[in-house]
Amino acid sequence: MKRAVGWLVAAVGLWAVASLSTYRTAVDDASRSEFRLSWRSDGTSVEDCTEAARAEQEGLAEHMRNPNACVARRVPYALWVRIDGELRLRDTLHAPGARGDRPLYVFAELPVTPGRHRVAVDFSPVWPEAPVPPDVAATAPVLDVDTTLTFPDGRAVLLTMDETGAPRLRTPSEESDPGAGPAPGAPAAR
Amino acid sequence: MLRAALARADAACDALYGWRYNPLYQSGTIAVSALVVLLVTGLYLLVFYRISDPWGSVARVSAQPLAGRWIRSMHRYASDAALVAVAVHALRMFLQRRTWGARALAWLSGALLVFLFFLCGWTGFVMVWDGHALALAAEGARLLDALPLFSEPVSRAFVGEREMPRAFFFLNLFAHIALPIAVGLALWIHVSRVARPTLLPPRPLLGGFVALLFAVALVMPVTAAPQANPLVLGQPLDLDWFYSFWLPASRQAPVALVWGAFLAATGLLVVVPWLTRPAPERRPPPSVVMERFCTGCEQCYEDCPYGAISMVPRTDGRGGWVARVDPALCVSCGICAGSCAPMGVGPAGRTGRDQLAAVRAFIDRERPRGEDVVLVGCDRSALALAAHDAPVFTVPCAGSMHSSVVEFLVRAGAGGVLVVACPPRDCWNREGATWLEQRLFEGREAELKERVDRRRIALVWAGAAEGTVVADGLATLRRRIEALGDRAEAEAPAAIEIDLQCDPPLVSAGEREDR
Ligand code: SF4
Ligand code: SF4
């Protein structure tokens, strides 16, 4: 009898362990929605060229002399996000890394009420005051989105930028096909 | 209060399983058994795991009706059982104050083991790549992003921007396989300061544990939860409350608070050896060898549960060997005092000689008569002992009691002696209770002498809350003594001579050199 009770107690103990091992629970509010922005961009660079000091140049071997020493500098980017006209995010992004030479990244999660919202996102370079060569200005990646999106209950809508610099929207329905193009109503790249 | 609760739980389990198979006493060895189960089942699961399709491969294993289903479930439940066993083990050690001094290394390596268990568990859950896995990975990334380690947030990997790269699952799998090696190393350190470590429980308990795991895995198999989808919010998760109990609260809390709580919990675990260490004036002193009494028999060297005694050549001109205690390894358990027939070793105030002096004083005070049974036990059992109508002689640990204490009591006129010791698996000083039984009844060196009538002596194993076991033992011994009828004349305490001879050394000096 005692032995049977012993087995029973041990079995109940392990049953409790097993129950707590896979206890279905919601750790998040399933009735909310979210607008996510996440991408990486090489951005663009401008060169700061200074006429090197004559004395400094003369101290170098002839083949190493460079009368026009130029340093490439990443251009900061401005990021604006408006939802239904309300400014939800405004930031100036500087290239990360100890030398400021890493690609820029955007990462933000903005809670929104489920439903349709007008969304405007602007990601563009903050040019220095000095004139910028036209080819640099023309090729700098820019993301400019102004559209109306549906945010379903318990779903996030992700805005990202593909390798070509074009904006891409991702919603859970596309989840099985990561390479899918923009969702219906997605903005076009500018 | 916690200690009393644990004592009551121990008593209940003793009643159900007997002290030999009491799972609470065997918590450490059960944790190791769970590790063995994890290793065996993990090897099987590894064969089917694909980093190119983590969720799919696990789902396919879970759907295998013959083996995969229950093997995966056993793997999961064994990991949880290991954590529960570790928690019980740590609580026991903490409540028994077996955490400081020479035992600090075991405590600290135990804390490291807990951390490694968690890491191993978390990487295992991430392998499955369901909602729980994503929640764990995303929260881990959020916490890591607060540290100045990466030039861009790791969290971006888990927002759904692109498919999870294989490299992530490869690294995770690598960590899940490498961590058990670290667990093995930490376990080795954990037991490195104890002599004769016991790693596995007795076979019936081991078999019962594995059988029950198997039964629960069959009845409640772990099923595949929906695949992780970073764009779905508030997806219900099949949370493992042992490894991820912190996750729901952590996700809502600021990162600094989570890191603060983690560091505070880790800090608390780490400082336990210093927090529980008694003040210097109350700290029990390490054992010392009185070389003039030491015959070099090696018994204390054999018996010390912490490997704190070595044999070194004598330097007093008598030749041969003498015991030497390393104070840094000695936990002052006093077991050696009970092992030494000539009473030449032990912590100050607790040597065989000190015990004899105490028992002489006890006889003068109590003057037990022929029908009296004297209860002898350690003060940790006092709770159990106090309720009984019999004179009580307490010793710091029954395992450290010299057998001549029992001899003295009987020769001085006590009708019988009931020795009450903690169950051997729960001896606060590891092997003390085992050696005690062997000294009293099986002729282990420093044995109870032949001339002492064994019918007047009994030994019971009883935890602090097992007063009834003591009462039963007392009643049984009283009946036995009554049945004996006559008894030998009591000797005058002052005239009792105790034989301090011990057997010759167990090995010759030459043999020792060969070791
Ligand atoms: S037990 Fe033997 S070796 Fe140890 S101190 Fe006593 S006599 Fe010496
Ligand atoms: S008191 Fe004796 S038996 Fe206990 S650890 Fe110290 S030397 Fe070893």
Side-chain angles (χ1 to χ4, degrees), chain A residues 2-3 5-11 13-34 36-40 95-98 101-107 109 111 152-162 168 170-176 178-179, chain B residues 12-13 15-18 21 23 73 76-77 79-81 83-84 131-132 135 139 145 150-153 155-157 159-163 208-209 211-213 215-217 219-220 222-223 225 227 229-245 247-252:
Chain A
K2 203 184 262 187
R3 183 174 287 197
V5 175
W7 276 101
L8 190 71
V9 169
L14 266 182
W15 169 81
V17 168
S19 304
L20 285 173
S21 172
T22 49
Y23 188 81
R24 184 153 292 197
T25 183
V27 295
D28 228 344
D29 179 8
S31 63
R32 69 190 182 92
S33 192
E34 192 173 272
R36 274 185 202 158
L37 302 102
S38 176
W39 64 84
R40 178 195 276 181
D101 59 352
R102 307 280 305 139
L104 289 163
Y105 68 84
V106 169
F107 178 49
E109 292 172 313
D153 272 7
R155 298 286 187 269
V157 174
L158 172 77
L159 176 65
T160 185
M161 189 190 251
D162 69 13
R168 288 280 177 263
R170 293 198 65 198
T171 57
S173 56
E174 293 175 86
E175 188 275 333
S176 56
Chain B
C13 285
L16 280 179
Y17 306 104
Y21 308 122
S73 306
R76 174 80 164 256
Y77 297 150
S79 69
D80 295 314
L83 215 52
V84 173
H132 179 206
E139 186 58 12
D145 286 339
F150 308 103
S151 64
E152 63 182 279
S155 298
R156 277 191 49 228
V159 294
E161 189 183 329
R162 62 183 87 87
E163 240 183 315
F209 172 66
L212 275 180
L213 266 185
V216 173
V219 177
M220 302 170 68
V222 177
T223 49
Q227 186 169 8
N229 186 336
L231 297 177
V232 176
L233 307 171
Q235 192 180 7
L237 310 180
D238 286 348
L239 209 65
D240 183 297
W241 280 91
F242 297 99
Y243 286 87
S244 304
F245 63 90
L247 193 59
S250 169
R251 281 165 65 103
Q252 313 297 331

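Order of the sequence lines sets the chain letters (A, B, ...), proteins ahead of strands, with each chain counted from 1. For the numbers below, each heavy atom of this structure counts, side chains included, while hydrogens, waters and symmetry mates do not.
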Peer 1: Taking all non-hydrogen atoms of both residues, which atom of B/R156 and which atom of A/R40 are closest, and how far apart?
Peer 2: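 In this case the closest contact between B/R156 and A/R40 is NH2-N, 3.6 Å.
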Peer 1: For the candidates B/A15, B/A135, B/A225, which exhibits the highest count of non-hydrogen atom pairs separated by less than 4.5 Å from chain A?
Peer 2: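 Result: the option with the highest number of such pairs is B/A15.
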Peer 1: Chain A: which of B/C13, B/S79, B/G160 shares the most heavy-atom pairs with it under 4.5 Å?
Peer 2: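 Sorted descending by pairs with chain A, the first entry is B/G160.
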Peer 1: Would you mind telling me which of B/P153, B/P248, B/A217, B/A215 has the largest number of heavy-atom pairs within less than 4.5 Å of chain A?
Peer 2: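 Winner by heavy-atom pair count: B/P153.
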Peer 1: Could you note down all residue pairs passing salt bridge (charged side-chain N to carboxylate O under 4.0 Å, His left out) where residues 14-24 of chain A supplies at least one of them, sequence neighbours left out?
Peer 2: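 Qualifying pairs, neighbours excluded: A/R24-B/D238.
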Peer 1: Is there a donor-acceptor pair under 3.5 Å between the side chain of B/R76 and the backbone N or O of A/S21?
Peer 2: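 Such a contact is found between B/R76 side chain and A/S21 backbone.
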Peer 1: Under 4.5 Å, counting heavy-atom pairs only, tell me which of B/D80, B/L247, B/V216, B/L239 racks up the most with chain A.
Peer 2: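 Heavy-atom pairs under 4.5 Å are most numerous for B/L239.
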Peer 1: What's the spacing between B/H132 NE2 and A/T22 OG1 if we round to 0.5 Å?
Peer 2: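 Spacing of NE2 (B/H132) from OG1 (A/T22) equals 10.5 Å.
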Peer 1: From A/R170 CZ over to B/E161 CD, what is the distance, rounded to the nearest 0.5 angstrom?
Peer 2: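 Separation between the atoms: 9.0 Å.
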Peer 1: Side chain, backbone, both or neither: which part of B/V159 has a non-hydrogen atom closer than 4.5 Å to chain A?
Peer 2: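 Interface part for B/V159: both.
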Peer 1: In Å, rounded to the nearest 0.5 Å, how long is the span from CD of B/E152 to CZ of A/R102?
Peer 2: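 These two atoms lie 7.0 Å from each other.
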Peer 1: Looking only at heavy atoms, which two atoms of B/W241 and A/T25 are closest? And how far apart?
Peer 2: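 The pair with the smallest heavy-atom distance is CZ2-CG2, 4.1 Å.
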Peer 1: Checking B/F242 now: which residues fulfil ring-ring contact (aromatic ring centres under 6.0 Å, His included) with it, not counting sequence neighbours?
Peer 2: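 Applying ring-ring contact (aromatic ring centres under 6.0 Å, His included) to B/F242 gives none.
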Peer 1: Under a 4.5 Å heavy-atom cut-off, does chain A meet the side chain of B/L213, its backbone, both or neither?
Peer 2: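 For B/L213, backbone and side chain are both near chain A.
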Peer 1: At their closest point, which heavy atom of B/L212 faces which heavy atom of A/A10, and how far apart are they?
Peer 2: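 Heavy atoms of B/L212 and A/A10 come nearest at CD1-CB, 3.4 Å.
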Peer 1: Please classify the contact between A/T160 and chain B as side chain, backbone, both or neither, with a heavy-atom cut-off of under 4.5 Å.
Peer 2: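 The side chain, not the backbone.
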Peer 1: Return the OH to CG distance between B/Y77 and A/L20, rounded to the nearest 0.5 Å.
Peer 2: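 It comes to 11.0 Å.
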Peer 1: A/R155 pairs by side-chain contact (heavy atoms from CB on, under 4.5 Å) with which of B/L233, B/V232, B/N229?
Peer 2: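 Checked B/L233, B/V232, B/N229 against A/R155; only one passes side-chain contact (heavy atoms from CB on, under 4.5 Å): B/V232.
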Peer 1: side-chain contact (heavy atoms from CB on, under 4.5 Å) for B/L16 and A/K2? Distances and angles first, verdict last.
Peer 2: CA-CA 6 Å; B/L16 280 179; A/K2 203 184 262 187; 4.3 Å; yes
Peer 1: Determine whether A/R36 and B/L231 make a side-chain contact, defined as any pair of heavy atoms from C-beta on separated by less than 4.5 Å.
Peer 2: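 Yes. Closest side-chain heavy atoms under 4.5 Å.
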Peer 1: Select, from B/A211, B/G131, B/G208, B/P236, the one with the greatest count of heavy-atom pairs under 4.5 Å involving chain A.
Peer 2: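 Of the options given, most contacts go to B/P236.
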Peer 1: Quick check for you: among A/A18, A/A26, A/G97, A/P152, which has the greatest number of heavy-atom pairs under 4.5 Å with chain B?
Peer 2: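 Looking at each of A/A18, A/A26, A/G97, A/P152 in turn, A/A18 comes out on top.
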Peer 1: State whether the side chain of B/Y17 and the backbone N or O of A/G6 hold a donor-acceptor pair below 3.5 Å, judged by distance alone.
Peer 2: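 Confirmed, B/Y17 side chain pairs with A/G6 backbone.
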Peer 1: In Å and rounded to the nearest 0.5 Å, what is the CZ to CZ distance from B/R162 to A/R168?
Peer 2: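 Nearest 0.5 Å value for the CZ-CZ distance: 14.5 Å.
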Peer 1: If every non-hydrogen atom of A/P96 is compared with every non-hydrogen atom of B/S151, which pair is closest and at what distance?
Peer 2: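 Nearest pair, atom of A/P96 first, then B/S151: CB-O, 3.4 Å.
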Peer 1: Which one wins on heavy-atom pair count under 4.5 Å against chain B: A/S19, A/S33, A/S38?
Peer 2: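 Top count of heavy-atom pairs under 4.5 Å with chain B: A/S38.
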Peer 1: Non-hydrogen atoms of chain B under 4.5 Å away: do they reach the side chain of A/S31, the backbone, both or neither?
Peer 2: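 Neither part, no heavy atoms under 4.5 Å.
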Peer 1: Can you tell which part of B/V84 gets under 4.5 Å to a heavy atom of chain A, answering side chain, backbone, both or neither?
Peer 2: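 When you check distances to chain A, only side chain atoms of B/V84 fall under 4.5 Å.
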Peer 1: For A/V9, is it the side chain, the backbone, both or neither that has a heavy atom under 4.5 Å from a heavy atom of chain B?
Peer 2: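 Both backbone and side chain.
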Peer 1: What are the two closest non-hydrogen atoms of A/A30 and B/G234, and how far apart are they?
Peer 2: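 Heavy-atom minimum between the residues: CB-O, 3.6 Å.
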